[in-house]
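In the text below, chain A, chain B and the rest are named by the order of the sequence lines, each starting its count at 1. These figures come from a predicted structure and were not determined experimentally.
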Amino acid sequence: MTNMQLRHILSDSFFCRDTRIVARELLGKFLVRRIGKEEIALMITETEAYDGPHDKASHAHRGETPRNEVMFREAGFWYVYLVYGVYHMLNIVTGERGYPAAVLIRGAGEYDGPGKLTKALRINRQQNGKKARRSSGLWIEDRGVVIPKLGIQKAPRIGVAYAEEWAKKPYRFLLRAGE
DNA sequence: ACGATGATGAAC
DNA sequence: TTCATCATCGTA
């Protein structure tokens with residue numbers, strides 16, 4: 001038996017693809033957070049794609065601002081912001097430099113909901129603009145879990161009712177119950 | 001059904 | 001400087 005590579009940290013090339021593809025393929029990958037000497041690894045169960053300047057649900061829809069500047073960078077950066085004055089939202093930037101896109105990580109491990117996830121992993125704006133790599137204390141690994149296509153459900157995104165026709169697009173991806 | 005809670009961006 | 005808005009969640 002050859003020595004299979006069981007763990008592999010996702011690199012920029014994984015994220016530098018169509019945002020919807022990245023959102024779908026992140027299901028089953030592991031979000032890993034280092035806090036001191038402790039490492040917490042949680043399998044990603046739910047994501048949302050925010051795709052380009054025309055996406056009315058995206059922060060980038062009204063152009064570049066100090067807050068969304070990271071979304072315009074090349075793939076592989078964390079985009080973290082505070083919503084409703086309460087919860088931090090964790091996103092990974094995708095696609096080419098200059099094209100604003102990112103994937104929101106909505107659920108991982110036992111945590112359902114993006115605000116609960118960041119609270120549990122102590123993620124805040126200190127991570128904003130940092131790279132997803134071991135040295136930043138927050139990264140994503142492929143641990144060999146394979147999710148069959150039938151195990152993935154598509155649905156409209158949450159909390160974006162203002163986005164008109166973009167609110168109904170199936171840009172949310174989640175593991176079907178029982179997976 | 002609603003309030004918490006504060007940063008953000010646009011208007012003035 | 002003010003003001004409406006907000007990629008959520010816990011309590012009622």
**Prompt:** Any idea which of C/dT8, B/dA10, C/dC6 is nearest the A/Y162 side chain?
**Reply:** C/dC6
**Asked** To the nearest angstrom, how far is A/H61 atom NE2 from B/dA10 atom P?
**Response** 12 Å
**Item:** For atom NE2 of A/H88 and atom C1' of C/dC9, their distance in whole Å
**Value:** 14 Å
**Prompt:** Should A/E69 and A/R73 be marked as a salt bridge (Lys or Arg N to Asp or Glu O under 4.0 Å) after you check the CA-CA gap, both sets of side-chain angles, and the distance that decides it?
**Reply:** CA-CA 7 Å; A/E69 164 267 321; A/R73 296 191 199 171; 2.6 Å; yes
**Message:** Could you tell me how far apart A/L82 (CG) and B/dG9 (P) are, to the nearest whole angstrom?
**Reply:** 13 Å
**Asked** Does a side-chain N or O from A/Y84 land closer than 4.0 Å to OP1 or OP2 of C/dT8, or not?
**Response** yes
**Complete:** Rounded to whole Å, OH of A/Y81 lies from C1' of B/dA7 at a distance of 12 Å
**Message:** To check you understand the geometry: which heavy-atom pair defines the closest contact between A/V93 and A/E74, and what is its length?
**Reply:** CG1-O, 3.6 Å
**Nearest listed nucleotide, side chain of A/V83, among B/dA7, B/dG9, C/dA7** = C/dA7
**Item:** Listed nucleotide nearest any side-chain atom of A/Y79, set C/dT8, C/dA7, B/dG6
**Value:** C/dA7
**Fill in**
Result for salt bridge (charged side-chain N to carboxylate O under 4.0 Å, His left out) between A/D55 and one of A/R157, A/K169, A/R20 points to A/R157
**Asked** Hey, does A/R125 reach any base, or is it just sugar-phosphate, or nothing, if we go heavy atoms under 4.0 Å?
**Response** sugar-phosphate
**Asked** Looking at the side chain of A/V160, which of C/dC9, C/dA7, B/dA4 is the nearest nucleotide?
**Response** C/dA7
**Message:** Set out, in order, the CA-CA distance, both residues' side-chain angles and the distance that settles side chain to side chain donor-acceptor pair (under 3.5 Å) for A/W139 and A/E141, then state yes or no.
**Reply:** CA-CA 7 Å; A/W139 65 96; A/E141 292 182 8; 2.8 Å; yes
**Request:** Starting at atom CD of A/E48, determine the distance to atom C1' of C/dT8, rounded to an integer number of angstrom.
**Result:** 12 Å
**Asked** Can a salt bridge be assigned to the pair A/E164 and A/K56 using a cut-off of 4.0 Å between side-chain N and carboxylate O?
**Response** yes
**Request:** Name the nucleic acid region contacted by A/R67, choosing base, sugar-phosphate or nothing; use a 4.0 angstrom heavy-atom cut-off, strictly under.
**Result:** sugar-phosphate
**Request:** Could you state the atom-to-atom distance from CG of A/D112 to C1' of C/dA7 in whole Å?
**Result:** 16 Å
**Complete:** Between CE of A/M89 and P of C/dT5 the distance, given in whole Å, is 20 Å
**Nucleotide nearest A/Y87 when distance is taken to its side chain, options B/dG6, C/dT8, B/dG9** = C/dT8
**Asked** Which one is paired to B/dA11, where only Watson-Crick or G-U wobble pairs with both distances under 3.5 angstrom count?
**Response** C/dT1
**Message:** Nearest whole Å is fine: how far is C/dT5 C1' from A/H59 NE2?
**Reply:** 11 Å
**Asked** Where the side chain of A/S58 is concerned, which of C/dA7, B/dT5, C/dG10 is the nearest nucleotide?
**Response** C/dA7
**Prompt:** Is there a side-chain polar atom (N or O) of A/R62 under 4.0 Å from OP1 or OP2 of B/dT8?
**Reply:** no
